[in-house]
Amino acid sequence: MAPSSVLMVAEKPSIALSIASVLSGGRMFTKRGSTEVHEFDGTFLGFPAHYKVTSVIGHIFSVDFPSKYQDWTVTDPTDLFQAQIVKTETNPKAHICRHLSQEARGCGHLVLWLDCDREGENICFEVIECTGFRVNDARRRVYRARFSSVTEKDIFKALDNLAQPNRDEALAVDARQEIDLKVGVAFTRFQTSFFQGKYGNLDSRVISYGPCQTPTLGYCVQRYLQIATFKPEKFWAVQPHIIVDGYELQLEWERHKLFDLDVAMMFQKQVIQDGILEVIDISEKQENYSRPPGLNTVNLLKVASSALGIGPQTAMQLAERLYTQGFISYPRTESTAYPSSFDFKSTLGAMSNNSTWGNYVRRLLADGYHKPRLGTDVGDHPPITPIQLASENMLGKDAWRLYQYVCQHFIASVSPDCKYVRTKVEFSVGGEFFHCIGKRVTVEGFTCIMPWLAVSEKNLPQFTIGEKIEVSKVDLYEGKTVPPDYLSESELISLMEKNGIGTDASIPVHINNICERNYVQVQAGRRLVPTTLGITLIRGYQCIDPDLCLPDIRSFIEQQITLIAKGQVDHSRLVQHVLQQFKQKYCYFVKQIDKMDSLFEAQFSQLFDSGRVLSKCGKCLRYMKYISALPSRLYCGTCEDVYFLPQKGTIKLYKELTCPLDNFELLLFSMGGPEGKTFPLCPYCYNSPPFEGIDKLFGASESGNFGKLGKGAGMPCFLCPHPTCRHSLIAQAVCACPECSGTLVLDPVSAPKWRLYCNMCNCLVLLPQGAHRIATTRERCPECDSTIIEVDFNKNTTPLEDGATLHIGCILCDDLLHSLVEVKHGKSFFKRMGRGGRGRGRGGRGRASARRGDPRMSFRDF
DNA sequence: GCAAGGTC
């Protein structure tokens, strides 16, 4: 009987490799593919079997709305709460689903080695779906391997105790995905649409909302508000000094400080009047300063931010690289407990050849390293440890600093605790009590390797109980309470972890998000300072519905979906119930948005306060202002009208020319880059096309760039069918586009690099270069109906005989003109034009399908 | 254009 095939799937390629290496004893064949497949023969459940071990790369699918909900202008966000959702491949190019389906063919068993958490359980079912296995199929069985580390012992143990995937846990993740998507997208679309373009200096592409990012921002703003509303208070402290063995010693007051000057002065007077201190108690205490447990992601990120000045996003990227290069272990883990099988000796051995800590490590190995602290084992991955020794020039500066910390932390975790003796001497004088504290280190322990954590020693002179000492002076210290500093990134990470906002992998993403959305800025010492936009948003939520920005919103969702995970409630009933609650909150928020808007009004300038004057309004003939903040637009302060403009380019006045239809001054818009189009437009027509159906007639709504710009239909002059205006399509069109159903029009300001561009796609045709002037005429070519153009060559470079400069003809049918034009598409040549080209490349793809409804001849006929 | 979660 042929051995049956077993397909095993892990969450990432590295785990697949580890599992295959263990099960095959290193004798396997590795096949490339979407992800690697490791094959070998062995026994499975007591029978001979052929193994194939492969992996996914995280989630295979992610959720989104169907396309009919994708257009912001037609979808009411309220409808999103009841919308269908679809799962699509997260990374279609990776073809993971196809890969799994192919590998599963002919396999009689599927073993799921996904990470043992809820997300992993969810991915199990994604894998099952792709492979075509069914959970309760007696002929093709599905098994779940449960493992807490990728060690030989654990892998074999898991294989001997195969279980079933847990659908409830997977459904809990489905629920979270749907709730996060619907709530996040609904709020984001609404507030973006509401505020975007309303205020002049509100510069934001999208004003996002999310159950993780918004509470994260909330923490930063909360601290900001504490600082902003802080009222400093004066306080006073009595500070007696004594001189012992020639050294002056300042004593601390048992009352610490008082906020009443008169009372503090009264105590000072009492101490001065007495003038003699009595030692009333001396106590010594052994203090233990614990070595750290194993390093997990969150702690690495905190140290990276606070001590190394490396932000979480960058720190994770560096750690990821160190991991793939084999210098450190897997960097995404919550666990701080080392697996029982961890080989401390060899890891320490690897560390012993370093010049900074090598000596220490060798001593540790010789004297016997310490058992690490217990830590917590979440069952995901072992703590982050070094794997092999690296040097600075192997890694680069920041990667080296991060790596160095991983090494130091590891060594510290198996070092002795630091121990010191704390001495407290207490005094009384004038009925008041004072003390001083000394510290003497007895065992440096792990602080040798983490010197920045060293206990600072303080020596005290010898005192005896009952001893009387003269007070040398009594100061009254005056201080002022100070506000806290802005929230540090490291503090924020702690808060997020504690309150269950995000995970070790996603915490850096959320922090990055609120930076990118312009809600906070990272300032010196990696402290997060909220921007006006960030503050105004949070204050707005606080006015309307504080729940929206509180951390509880995340824990609420988590706690609800946990009911699904435990099988206590039905998945879809719970999702409907939670969404109903959020929908109510959403509707209330929409109803109350004026409250938030009034805060925006106070913080952001109205449109008429900002912008520079650019062009004249055709209605009132006064100048309008150009507002460059996105989305860029014109604002007429007199008419109080807004005219949206094409985005992502530069705009200027076009020679004070005006539109014959509405008298608005024309503008010239240039898209970026050397091959970007430049075209004229009338601000009024651009927003309100004068001829019905114009956008549809010319396909502008599908042409990508123009139909969707700003909030108008987006009709520049090159789409305008005005019969006599010299800027219209009718006047500037030359011939059909060789690439699409558009029309090539003359770029009126392209001299001396004259060119035609397509009014629909990005096809570009270069005209005779260096010509003095090129213009369209009203004549048509009798052969192909293209517009006859007039070229006035430069007299020094004219190709015409006898030094003549003026030539009139059709660029398709006139031999001379045709030999001087060149088709460009984006940055590369794609087609050889005409008969006589001078060494231009041949080949390229075939032409586009037949013209639709454009009577003019095309390039095809050459 | 939008969320949060996995991994690269």
Side-chain angles (χ1 to χ4, degrees), chain A residues 10-16 34-36 55-65 69-73 75 77 80-81 83 85 87 89-91 93-94 96 114-127 170 172-194 196-197 204-216 297 316-317 319-321 323-325 330-333 380-381 496 500-514 516-517 553-554 557-558 561 579 582 630-631 647-648 708-711:
Chain A
E11 192 157 319
K12 42 192 166 278
S14 62
I15 303 275
S34 291
T35 56
E36 289 187 334
S55 73
V56 293
I57 313 167
H59 276 288
I60 308 172
F61 300 108
S62 33
V63 290
D64 203 350
F65 295 106
Y69 293 100
Q70 296 294 352
D71 188 339
W72 291 38
T73 54
T75 303
L80 295 175
F81 289 95
I85 54 169
K87 282 198 172 194
E89 268 194 89
T90 302
N91 182 359
K93 284 185 194 151
I96 297 293
L114 284 306
D115 290 0
C116 294
D117 52 22
R118 258 182 216 170
E119 297 296 331
E121 221 55 34
N122 186 266
I123 303 175
C124 281
F125 287 89
E126 296 185 347
V127 170
V173 171
D174 282 345
R176 198 218 64 234
Q177 290 175 342
E178 182 169 350
I179 295 165
D180 283 347
L181 175 75
K182 292 184 169 176
V183 174
V185 173
F187 276 90
T188 299
R189 285 193 189 175
F190 170 69
Q191 54 184 32
T192 302
S193 309
F194 187 87
Q196 195 182 53
S204 204
R205 230 179 72 254
V206 51
I207 303 174
S208 58
Y209 175 87
C212 284
Q213 56 173 273
T214 303
T216 302
T297 308
M316 276 323 283
Q317 283 162 3
E320 186 78 41
R321 221 179 68 214
Y323 161 65
T324 49
Q325 291 173 335
Y330 190 70
R332 275 190 289 269
T333 177
D380 49 355
H381 298 272
M496 292 174 76
I501 297 177
T503 64
D504 49 359
S506 70
I507 282 173
V509 180
H510 299 311
I511 298 180
N512 203 47
N513 258 341
I514 60 171
E516 278 193 342
R517 299 278 153 77
I553 204 152
R554 190 77 204 144
I557 295 174
E558 288 292 332
I561 63 164
L579 284 175
F582 275 107
L630 294 177
Q647 308 292 309
K648 291 181 190 161
K708 290 179 180 166
L709 291 181
K711 291 191 176 169

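Here is the naming used below: chain letters follow the sequence lines, and residue numbers restart at 1 for every chain.
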Could you label the plane-to-plane angle of the Phe187(A) and Tyr209(A) rings as parallel, tilted or perpendicular, counting under 30° as parallel and over 60° as perpendicular? tilted
Please answer whether the main-chain N or O of [Y] pairs with a side-chain N or O of [X] as donor and acceptor at a distance below 3.5 Å.
X	Y	result
Thr297(A)	Pro331(A)	yes
Lys182(A)	Ile85(A)	no
Gln196(A)	Val206(A)	no

[X] side-chain proximity, nearest of [options]:
X	options	answer
Leu181(A)	dA3(B), dC8(B), dG6(B)	dA3(B)
Arg189(A)	dT7(B), dA4(B), dC2(B)	dC2(B)
Thr503(A)	dG5(B), dT7(B), dA3(B)	dG5(B)
Trp72(A)	dA4(B), dC8(B), dC2(B)	dC2(B)
Thr188(A)	dG1(B), dT7(B), dC2(B)	dC2(B)
Gln213(A)	dG5(B), dC2(B), dA4(B)	dA4(B)
Glu11(A)	dA3(B), dG6(B), dC8(B)	dG6(B)
Ser506(A)	dC2(B), dA3(B), dG5(B)	dG5(B)

Could you check whether [X] gets within reach of a base, just the sugar-phosphate, or nothing at all, counting any heavy atom under 4.0 Å?
X	result
Val183(A)	nothing
Asp117(A)	nothing
Gln191(A)	nothing
Pro211(A)	sugar-phosphate
Gly502(A)	sugar-phosphate
Arg321(A)	nothing
Gln177(A)	base
Thr324(A)	nothing
Tyr323(A)	nothing
Asp115(A)	sugar-phosphate
Tyr209(A)	sugar-phosphate

Counting only side-chain N and O atoms of [X], is one of them less than 4.0 Å from OP1 or OP2 of [N]?
X	N	result
Arg517(A)	dA3(B)	yes
Arg332(A)	dT7(B)	yes
Arg554(A)	dG5(B)	yes
His59(A)	dA4(B)	no

Specify the separation, in whole Å, of atom [atom1] of [X] and atom [atom2] of [N].
X	N	atom1	atom2	result
Glu558(A)	dG5(B)	CD	C1'	10 Å
Leu114(A)	dG6(B)	CG	C1'	10 Å
Glu178(A)	dA4(B)	CD	C1'	14 Å
Ile514(A)	dA3(B)	CD1	P	13 Å
Ile507(A)	dA3(B)	CD1	C1'	16 Å
Asp64(A)	dA4(B)	CG	P	14 Å
Lys87(A)	dA3(B)	NZ	P	19 Å
Met316(A)	dT7(B)	CE	P	9 Å

Taking for each residue the nucleotide of DNA chain B with the nearest heavy atom, is it Lys182(A) or Asp504(A) whose nucleotide lies nearer the 5' end?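 Result of the comparison: Lys182(A).
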In terms of the nearest nucleotide of DNA chain B, which residue is placed more toward the 5' end: Asp180(A) or Asp71(A)?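 Between the two, 5'-proximity favours Asp71(A).
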Looking at the base of dG1(B), is there any donor atom on it, or on the side chain of Gln196(A), that sits under 3.5 Å from an acceptor on the other one? yes
Base dC8(B) to side chain Gln317(A), donor-acceptor N/O within 3.5 Å cut-off: no
Value rounded to 0.5 Å, distance of CZ in Arg332(A) from CG in Asp115(A): 9.5 Å
At what distance, to the nearest 0.5 angstrom, does CG of Leu181(A) lie from CZ of Phe81(A)? 10.5 Å
Do Arg554(A) and Pro215(A) have side chains that get closer than 4.5 Å, going by heavy atoms? no
Do Lys87(A) and His59(A) make a side-chain contact, defined as non-hydrogen atoms from C-beta onward lying under 4.5 Å apart?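 Lys87(A) does not reach His59(A) side chain to side chain.
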